[in-house]
Amino acid sequence: MNLRQIEVFYAVMKSGTVSGAARQLHVSQPNVTRVLSHTEQQLGFALFQRIKGRLIPTDEAQRLLPEAEKIYQQLGSFHSLTNKIRKGSQHLRVGAPPILATSLLTPVIAELCKKSNISVELSTDNRAALCTGLLQNQLDLVICFGSEIPPAISGQELFSEEMMLISPHQNQNIPLVEDDNSRVDWPRLVTTSQEIIGLDHRDPLGSLLSQSIQHYEPDYHHQITVRSYSAAAQLVEHGAGLAVVDPWTASLFANRLERKHLEPALSFSVSLLYADHSPISVTGEKFISMLSR
């Protein structure tokens, strides 16, 4: 199978129909049908069964799919690289978790693009997927939570922040530090409340939160655990408990929920990551300089 045949095969596997694959590849349906038929003839076995207008993968097609996915991902990386080369050094591909992308990076990107001819692609995903994007040459820079540096990646801490407790307005059950209305006695809250919404421990902030809670209350049990910071905040709005989130999420819900600092503070890093095989460009340095300000 050549690359074109793999593209068609993969598109049909994902869409389940010739028309869906044609839309995905921006070609005509007869073109997809012709390539698929020629591929099956070359291979000497069927890839799909035609049932009621849909293409049902055969066992042979299912066995080929994992390898086709690897090739398709590599092809995507190649296309991303050629696109960057075509646009030149004035093009920057940045990745970040959704909350950092929307609250932290968008003002910087807007300012950068107003003052120059630089073009920017902003992608959002979890930390692991963003690091994969760096290694596959799909991203130039990643801004993320945490200070851990994965293999084959370099990085630096940009700044640190504190996680914040968000709660319904006028919640009388939150222990404060010596009548300080802005700070919560975190150890006392952990040992006296079972209402704290958990964050996924695979997430850097979720891991930090989990470690802190386990330190004060080893047997703590979260009734609800979420992956999304905004989902935690929305659950607080619905009276499902309390949440500890990043300050940007807390600010987004400032009109609807109370925000308080923790004592002692739960501090975390916001870091810059880039692949070892791709040093930071002049455009990237300019972006980082503006972000650091």
Side-chain angles (χ1 to χ4, degrees), residues 3 6-7 10 24-26 69-161 202-205 207-208 229 246-249 251-252 267-293:
L3 286 177
I6 292 173
E7 277 191 310
Y10 188 77
Q24 182 177 326
L25 298 172
H26 306 291
E69 285 181 325
K70 292 177 185 177
I71 296 171
Y72 199 78
Q73 288 173 358
Q74 292 174 340
L75 190 60
S77 298
F78 185 78
H79 286 163
S80 179
L81 178 59
T82 56
N83 185 51
K84 178 176 174 60
I85 293 171
R86 183 175 68 252
K87 293 184 177 180
S89 61
Q90 292 290 92
H91 185 63
L92 190 64
R93 303 166 301 173
V94 183
I99 186 61
L100 289 182
T102 55
S103 298
L104 180 66
L105 299 189
T106 48
V108 178
I109 291 171
E111 182 183 357
L112 180 67
C113 292
K114 284 178 184 177
K115 296 181 177 180
S116 65
N117 293 324
I118 294 171
S119 59
V120 179
E121 291 178 45
L122 178 60
S123 303
T124 60
D125 214 321
N126 60 58
R127 194 179 197 275
L130 292 171
C131 288
T132 299
L134 285 176
L135 296 175
Q136 294 181 349
N137 205 28
Q138 296 170 345
L139 294 171
D140 300 312
L141 301 174
V142 163
I143 311 299
C144 61
F145 295 119
S147 56
E148 180 184 354
I149 308 297
I153 289 177
S154 296
Q156 64 190 64
E157 182 179 325
L158 295 175
F159 56 87
S160 61
E161 277 288 351
R202 293 169 295 182
D203 177 273
L205 299 192
S207 176
L208 175 63
Y229 312 133
D246 63 275
W248 298 280
T249 298
S251 294
L252 289 177
S267 299
F268 63 89
S269 301
V270 173
S271 298
L272 160 75
L273 302 179
Y274 56 94
D276 290 343
H277 62 68
S278 182
I280 301 175
S281 65
V282 174
T283 301
E285 294 284 5
K286 184 181 295 187
F287 172 79
I288 295 166
S289 177
M290 295 177 66
L291 178 62
S292 299
R293 293 203 307 267

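The analysis underlying the following values was restricted to heavy atoms, covering all of them including side chains, and did not include hydrogens, waters or symmetry mates.
- In this structure, the side chain of R93 does not engage the main chain of S123 through any donor-acceptor pair within 3.5 Å.
- Using a 3.5 Å distance cut-off with no hydrogens or angles, the side chains of E157 and S147 do not pair a donor with an acceptor.
- Rounded to the nearest 0.5 Å, atoms CG (L291) and CD (E111) are 11.0 Å apart.
- Residues passing the side-chain contact (heavy atoms from CB on, under 4.5 Å) test with I280 are L141, L272, Y274, E285, I288, sequence neighbours excluded.
- In terms of heavy atoms, L208 sits closest to S267 at CD2-O, 3.4 Å.
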Worksheet item: When you look at D246 and E161, which way does the side-chain contact (heavy atoms from CB on, under 4.5 Å) test go after all the steps?
Response: CA-CA 8 Å; D246 63 275; E161 277 288 351; over 6 Å; no
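- S278 OG to I153 CD1: the interatomic distance, rounded to the nearest 0.5 Å, is 11.5 Å.
- Legend: residues meeting salt bridge (charged side-chain N to carboxylate O under 4.0 Å, His left out) with K70, ordered by chain and number and at least two apart, are E67.
- For the residue pair V120 and H91, the shortest heavy atom distance occurs at N-ND1, 4.3 Å.
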Practice prompt. Please report the C-alpha distance between L158 and S292 in whole Å, then the side-chain angles of each, then the deciding distance to 0.1 Å, and finally whether the side-chain contact (heavy atoms from CB on, under 4.5 Å) criterion is met.
Written response: CA-CA 7 Å; L158 295 175; S292 299; 4.2 Å; yes
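- By the side-chain hydrogen bond (donor to acceptor under 3.5 Å, both in side chains) test, S251 pairs with R259, sequence neighbours left out.
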Worksheet item: So S160 and V270, side-chain contact (heavy atoms from CB on, under 4.5 Å) or not? Walk me through it.
Response: CA-CA 6 Å; S160 61; V270 173; over 6 Å; no
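- A distance of 10.5 Å separates CD of E121 from CD of Q138, quoted to the nearest 0.5 Å.
- With values rounded to the nearest 0.5 angstrom, C131 atom SG is found 11.5 Å from Q136 atom CD.
- Put simply, CD1 on I118 and SG on C113 are 7.0 Å apart, with the number rounded to the nearest 0.5 Å.
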Worksheet item: How far apart are the C-alpha atoms of I143 and S271, what are their side-chain angles, what is the distance that settles it, and do they pass the side-chain contact (heavy atoms from CB on, under 4.5 Å) test?
Response: CA-CA 6 Å; I143 311 299; S271 298; over 6 Å; no
Side-chain donor-acceptor pairs under 3.5 Å in residues 96-109, sequence neighbours left out?
residue, atom, partner, partner atom, Å
T102, OG1, P98, O, 3.0
T102, OG1, I99, O, 3.4
S103, OG, I99, O, 3.4
T106, OG1, T102, O, 2.6

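- With rounding to the nearest 0.5 angstrom, the CG atom of L139 is 5.5 Å from the CG atom of L134.
- Every pair passing ring-ring contact (aromatic ring centres under 6.0 Å, His included) that includes a residue from residues 117-148 is listed here, sequence neighbours excluded: F145-Y229, F145-F268.
- Applying the side chain to side chain donor-acceptor pair (under 3.5 Å) test to every pair with at least one member in residues 125-134, sequence neighbours left out, gives no pairs at all.
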